[in-house]
Amino acid sequence: MPRQTQLGLSENQFLLRSEGEQQVWLKPFGDTDQRLCDATNFVIRGEGYATQDEAARDGQRWRDVITRAFARIHLAADFGDRQPVNMLTRAGEEWLSGLMGHPVSAHLSGVTVFEDQPDLRFVAAPSLEGRKRPSEERNRLVFMQATRLHDPLDGSERLAFDLYSGSFFQPSADSRLLMLAMAIETLLVRDPRSDVARAHVTAMMEATKANPDLTHSERDSLRGSLKELMVESIGQAGKRLARTLEPRTYSGQAPDAFFSRCYTMRSELTHGNVPRPNRRDVDALAASLELFVADLLAGRLLTEIPD
């Protein structure tokens, strides 16, 4: 859960179901004495299942139960589906079990099925974060050149930089890529289509307006959609903007091809594609898109200061 929200339950575990041997609790993760209202990390713990398949199916069901409940009380939760995978191996589990004197299992996000053992503990691999720091010489050179050029930003570039900067504070690759895509969209200027294309669109709009079989709301909706065709598509405008970065390449692709790849990924994330794009693919693409957006916003410094 986000740190700015709390669950309104004062006990240290909440029994969700007790039927025969099967019991399901909502508990804080890690500290068993912590109250639920003081926790930000939780686990739904179930036991008493005869088979792995039965346990896995019920685990998914209880995830859905908690999702509905959180939505109803206006709380959010990250089930970890898009987080990096815990890399603790089976050999690592065995080594830690011997070292600690009790069974140890890797803590995995999402629904995990395991054989219950006395005093079983879950451990997570340490979180690793990278940090980049340009050389002092390069920092000085860039700041001095930026001062000399005094290259002002317009309103759309300032908004794009805010979105670009905001992407650095997003916890998931999905949200980073979406914010970076939004930054690009603020920079787009959609040019008018050719006179022939605009005349064709106008004819379709007039035919729609004159069609007696359409309701008033249908005519207005269709004409509004057709009016958008008077200017080039976002994809066309984006590729045209991307070509200003040539001859650079991003993830081994020309700038316009890279933009198309990113915009396709953006559409897959926002339009509910199932299954969702692979997290590693999104993460790698977002890292390159970060450079792409920065280069668009660098202005004349991009050519004045070589890589």
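Quick caveat: nothing in here was measured; it's all calculated off a predicted structure.
- Under 4.0 Å is where a charged nitrogen must lie from a carboxylate oxygen, and between E304 and R148 at least one such pair does.
- Under the 3.5 Å distance criterion, with hydrogens and angles disregarded, no donor-acceptor pair is assigned to the side chains of Y263 and E268.
- Between F258 and F292, the two ring planes are tilted [angle within 30° to 60°].
- Contact check on E185 versus R266 returns a salt bridge, with a Lys/Arg side-chain nitrogen under 4.0 Å from an Asp/Glu carboxylate oxygen.
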Distance-only check: which donor-acceptor pairs under 3.5 Å involve side-chain atoms of residues 15-27, not counting sequence neighbours?
from: R17; atom 1: NH2; to: Q22; atom 2: OE1; distance (Å): 2.9
from: R17; atom 1: NH2; to: Y49; atom 2: OH; distance (Å): 3.4
from: R17; atom 1: NH2; to: D58; atom 2: OD2; distance (Å): 2.6
from: S18; atom 1: OG; to: Q23; atom 2: NE2; distance (Å): 3.3
from: Q22; atom 1: NE2; to: E54; atom 2: OE2; distance (Å): 2.9

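- Atom-to-atom distance recorded for Y164:OH and E290:CD is 5.0 Å, nearest 0.5 angstrom.
- Within the model, atoms OG of S221 and CG of L214 stand 10.5 Å from one another, a figure rounded to the nearest 0.5 Å.
- Using a 4.5 Å cut-off between side-chain heavy atoms of Ile, Leu, Val, Met, Phe, Trp and Tyr, M204 falls into a hydrophobic cluster with V201, M205, L226, L229, M230.
- To the nearest 0.5 Å, atom SG of residue C262 and atom CG of residue L178 are 11.0 Å apart.
- A pairwise comparison of heavy atoms in M265 and P277 identifies SD-CB, 3.4 Å as the closest pair.
- Remark: E218 does not engage R223 in a salt bridge, criterion side-chain N to carboxylate O under 4.0 Å.
- Distance CG/L289 to CG/L180: 4.5 Å, rounded to 0.5 Å.
- With a 4.5 Å cut-off on side-chain heavy atoms, V231 and D191 do not count as touching.
- When only modelled atom types and interatomic distance are considered, S172 and S175 share a side-chain donor-acceptor pair under 3.5 Å.
- Under the 4.0 Å criterion applied to side-chain N and carboxylate O atoms, R57 and D53 are not assigned as salt-bridge partners.
- In this structure, R248 pairs ionically with D307, as a charged nitrogen and a carboxylate oxygen lie closer than 4.0 Å.
- In this structure, the ring of F29 has its center no less than 6.0 angstrom from the ring center of F42.
- Side chains of S156 and D154: a donor-acceptor N/O pair is present below 3.5 angstrom, by distance only.
- Residues L297 and V293 are in side-chain contact: their nearest non-hydrogen atoms beyond the backbone lie under 4.5 Å apart.
- Of the inter-residue distances, the one linking I305 atom CD1 with Q145 atom CD reads 4.5 Å to the nearest 0.5 angstrom.
- Heavy atoms of other residues, nucleotides or ligands lying less than 6.0 angstrom from NE2 of H271 number more than 12.
- Environment of CZ in R140: sparse, with no more than 12 heavy atoms of neighbouring residues, nucleotides or ligands closer than 6.0 Å.
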